[in-house]
Amino acid sequence: MTKRNLFILLIIGVGIAGAIAVSSILLSNDKPEMAADSNPVRYKAGAYQFGLELSPSTPIVGENTLVLTLQDGDGNPVENASLSAIAEMPAMGSMAAMQAPAEMTETAPGVYKGSFEPYMKGSWPLTLTVNHEEFGKARVNFDLATGRKGMQLSSGARAIGGSKGKTQTTELPYRAGDIRFSAEVLPETPRVGPNTLAIVLRDQDGNPIDDASITAIAEMPAMGTMPAMRAPAEMASRGSGRYEGTFKPSMEGSWPLTLEIQVPGQSPRRVSFDLATGRKGIQLSSGATRADGGESMEMAPPGTVTLDPSRRQLIGVKTARTEYRDMSRPVRAVGTVAYDETRLADVSLKFDAWIGELYADYVGKPVKKGDPLFTVYSPDLYAAQQEFLELSRRNSSRGLLEAARKRLLLWNMSETEIEALQRRGSPADYVLIRAPMTGVVVTKNIVVGTAHRAGMTLLRLADLSEVWVEAELYESELSLLSEGMAASIQLPHARIAPLDGEVSFIYPFADRTTRTTKVRVQVANPEGALKPAMYTEVTLQSRAGERLAIPEEAVIISGQKRYVFEDIGEGRLAPRKVETGLRANGFVEILSGLEENDSIVTSGNFLIASESRLKAGIDQW
């Protein structure tokens, strides 16, 4: 081979080696980028599928941004959805729970964006609620903490794609905090006598946990006079994160299993399973969530009870849905007819006088405005008439004459009577007093010839064309009332149609003795059917509108607290503390603690509550 050929081969070899090196560099630079962007995580919850991004990826104290991409089952954008996103730090000791809500706004079809601001370091579990009139409602929970990268699906959905949605511990079905674990009983159907409990623990990276301390106790709740019975299991490490122990139920029945897992450097975790002899397997009750890629169950609170269909049927468990319903209801009370105090008039004199003729001569006599009531003689009035006539004859100054005329007017003489006085030229011994309004005489303090001093009430007139009906209501009913609401008045012993009225006033004080408050109803009384002091039946129609409500029998009262049991799936019934409001037609308003369309127990809940108290501890109730 010549030197020229060798040189050519050398050049070719160097070129091939350079090409290989360059391609290796390009490939190594491309791989991370592809791995980061090619397979984003997505989830499915009910009729929705969605992606959720967090910026920054490691949550911080302060502003964090959420971006939700929402689609239906066919991958089409879901527009105009109602979203609620709340990060909440749970209550700790005397410190109340804290919320960091995100106002989610649709920025593009099916794309929603909002920000939330945790204001201290720690765990801030995120609850995302999606509601759409066509696709229904879904609620998903994520585990989120400041200083820890990303979010971990907790409940309400399942991962359907993306490398982030796949954990390194998919073979372990449960997750409690940063611990992944499995729990099984051998034999698979527990029996009376020895049973083996096997627990496998791993951390978030899939590494076995061999230095944990596990306490496992199966306990049959107390029944009647029979005390609770325990079957503890001494758990020992077998290596590779596996722990085993034996427990021995002493009789057939339900033996709920409680695990307490303590990993060095972490908070202890308490997990409950429902277990019974003769029934295959164990079912997660509370304290953990599923992490095996299946549909996640909602995190169950302490006191959750798990019942299989046969036990539900045995104790008669029935459920109903929370829903918005009209909480208006009639409020019935006994009322008393009273005078309309704005339609009363007293007849009195501004001078000392004696009664002459008496026309309004009995109580109850009807009179019209201007009708004569009685005549009076008064030396003062006689002198005032004489003075007026003297000033008129002398053509006195206009001011003096008008002053004399004004005195007669103030002393109940009318213009007509004064003109007659001028024409007559002599004062009248007796002056006629007329009715100031139309009505009936309800008080009479005079007879013919009696003398009365100035300012004394001689007669009282009342206009009964409209009256008041005053009803007394209990404190619990006052929240249903408002001025202007319609009322119906029925006379229990009269065969007449109910009269319509309107609430005109709610008294601002209560009766010390009866602890009731009066409500005034204004009622037209053209026929005079309603007579003062009569008893009536009053029906007030409240207008509470639609409120979130459940059947009254679903609520369990425990001192000042109110509880219901919510069916959260997989046979689990979880106690929920609720705040109640109005009651109407067998339903009670729910102010907080439940949402629309939640399934709650309406029958058999007292038996469930007994077992729940044992599981959660009396302090929880």
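Hydrogens, waters and symmetry mates play no part in the numbers below; they use all other heavy atoms, side chains included.
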- Item | L126/M151 under side chain to side chain contact (heavy atoms under 4.5 Å, CB included): CA gap, chis, key distance, verdict | CA-CA 9 Å; L126 176 69; M151 300 178 292; 3.8 Å; yes

- Task: Mind listing the closest non-hydrogen atom pair of G177 and R269 along with its distance?
- Result: CA-NH2, 3.4 Å

- Message: I'd like to know if D274 pairs up with R572 as an ion pair, taking the criterion as any Lys NZ or Arg NE/NH1/NH2 lying under 4.0 Å from an Asp or Glu carboxylate oxygen.
- Response: no

- Walk me through it: do Q71 and R42 pass the test side chain to side chain donor-acceptor pair (under 3.5 Å)? CA-CA 11 Å; Q71 298 175 334; R42 294 193 64 75; 3.1 Å; yes

- Task: Output yes when E323 and R325 qualify as a salt bridge under the 4.0 Å nitrogen-oxygen rule, no when they do not.
- Result: yes

- So, D178 and R148, do they make that salt bridge, N to O below 4.0 Å? yes

- Message: Pair T215, L259 - check side chain to side chain contact (heavy atoms under 4.5 Å, CB included), show working.
- Response: CA-CA 6 Å; T215 301; L259 302 180; over 6 Å; no

- Taking C-beta and beyond as the side chain, do P118 and N64 meet within less than 4.5 Å on heavy atoms? yes

- Would you indicate whether Q313, at its atom CD, is surrounded by more than 12 heavy atoms from other residues, nucleotides or ligands within a distance under 6.0 Å? no

- On a heavy-atom basis, the closest approach of S240 and P208 is C-CB, 3.5 Å

- May I ask you to test the I179-D203 pair for a side-chain heavy-atom distance under 4.5 Å? no

- Flag the pair R238 and D210 as a salt bridge only when some basic side-chain nitrogen lies within less than 4.0 angstrom of an acidic carboxylate oxygen. no

- Query: Is there side-chain contact between F273 and W255, with heavy atoms separated by less than 4.5 Å?
  - Reply: no

- Establish, from distance only, whether the side-chain atoms of T127 and N141 form a donor-acceptor pair under 3.5 Å. yes

- Message: Test your reading of the model: is there a side-chain donor-acceptor pair from E184 to the backbone of E188, 3.5 Å cut-off?
- Response: no

- Say you draw a straight line from CG of L52 to CG of L66; how long is it, rounded to the nearest 0.5 Å? 5.5 Å

- Query: So, Q49 side chain and D72 main chain: donor-acceptor pair closer than 3.5 Å or not?
  - Reply: yes

- Within a strict 4.5 Å, meaning less than it, do heavy atoms of the E579 and I590 side chains meet? no

- Intermediate values then yes/no, side chain to side chain donor-acceptor pair (under 3.5 Å), T322 and E596: CA-CA 5 Å; T322 57; E596 186 180 8; over 6 Å; no

- Could you tell me which non-hydrogen atom of V140 sits nearest to which non-hydrogen atom of A45, and how far apart they are? CG2-CB, 3.7 Å

- Item | Worked verdict on M89 versus M120 for side chain to side chain contact (heavy atoms under 4.5 Å, CB included) | CA-CA 9 Å; M89 174 175 280; M120 65 181 295; 3.7 Å; yes

- Out of curiosity, E219 CD to S272 OG, how far, rounded to the nearest 0.5 Å? 10.5 Å

- Message: Could you check whether E595 pairs with K137 (Lys NZ or Arg NE/NH1/NH2 to Asp/Glu carboxylate O, under 4.0 Å)?
- Response: yes

- Query: Rounded to the nearest 0.5 Å, how far apart are CD1 of I600 and NZ of K318?
  - Reply: 13.0 Å

- Flag if over 12 foreign heavy atoms under 6.0 Å of CD, Q262: yes

- Item | Exam field: side chain T146 to backbone G122, donor-acceptor pair closer than 3.5 Å | yes

- Has the side chain of D326 got a donor or acceptor atom that lies under 3.5 Å from a matching backbone atom of S328? yes

- Item | Exercise: identify the closest heavy-atom pair between F247 and A233 | CB-CB, 3.9 Å

- Message: With rounding to the nearest 0.5 angstrom, report the OG to NZ distance, S55 to K113.
- Response: 8.0 Å

- Task: Output yes when E552 and R583 qualify as a salt bridge under the 4.0 Å nitrogen-oxygen rule, no when they do not.
- Result: yes

- Message: Quick one, E234 with T246, criterion side chain to side chain contact (heavy atoms under 4.5 Å, CB included). Give me CA distance, side-chain angles, the key distance, then yes/no.
- Response: CA-CA 6 Å; E234 295 290 337; T246 301; over 6 Å; no

- Separation between CG of L257 and CD1 of I217, rounded to the nearest 0.5 Å: 9.5 Å

- Minimum-distance pair of heavy atoms, taken over all atoms of I557 and G559: CG2-O, 3.8 Å

- Verify the ring-centre separation between Y119 and W124: is it less than 6.0 angstrom? yes

- Can you tell me how far the CE atom of M104 sits from the OG atom of S84, to the nearest 0.5 Å? 10.0 Å

- Query: Taking the side chain as C-beta and beyond, is there a heavy-atom pair between L54 and L144 under 4.5 Å?
  - Reply: yes

- Write down the atom of A102, the atom of F116, and the distance for their closest heavy-atom approach. CB-CB, 4.0 Å

- Message: Salt bridge check, R175 against D143: does any charged N sit closer than 4.0 Å to a carboxylate O?
- Response: yes

- Query: Mind checking whether F50 and Y112 have ring centres under 6.0 Å apart?
  - Reply: no

- Message: Under a 3.5 Å distance rule, please check whether K248 uses its side chain to pair with a backbone N or O of S250 as donor and acceptor.
- Response: no

- Message: Under a 3.5 Å distance rule, please check whether D74 uses its side chain to pair with a backbone N or O of N76 as donor and acceptor.
- Response: no

- Query: Is the ring centre of F181 less than 6.0 Å from the ring centre of Y243?
  - Reply: no

- Query: Do Y48 and V78 come close enough that some side-chain heavy atom pair is under 4.5 Å?
  - Reply: yes

- Message: Quick one, N195 and P249 - any side-chain contact, counting heavy atoms below 4.5 Å?
- Response: yes

- Message: Please check: side-chain N/O of E589 versus main-chain N/O of G581, any donor-acceptor pairing under 3.5 Å?
- Response: no

- Task: For the residue pair I556 and V564, establish whether any side-chain heavy-atom pair is separated by less than 4.5 Å.
- Result: no

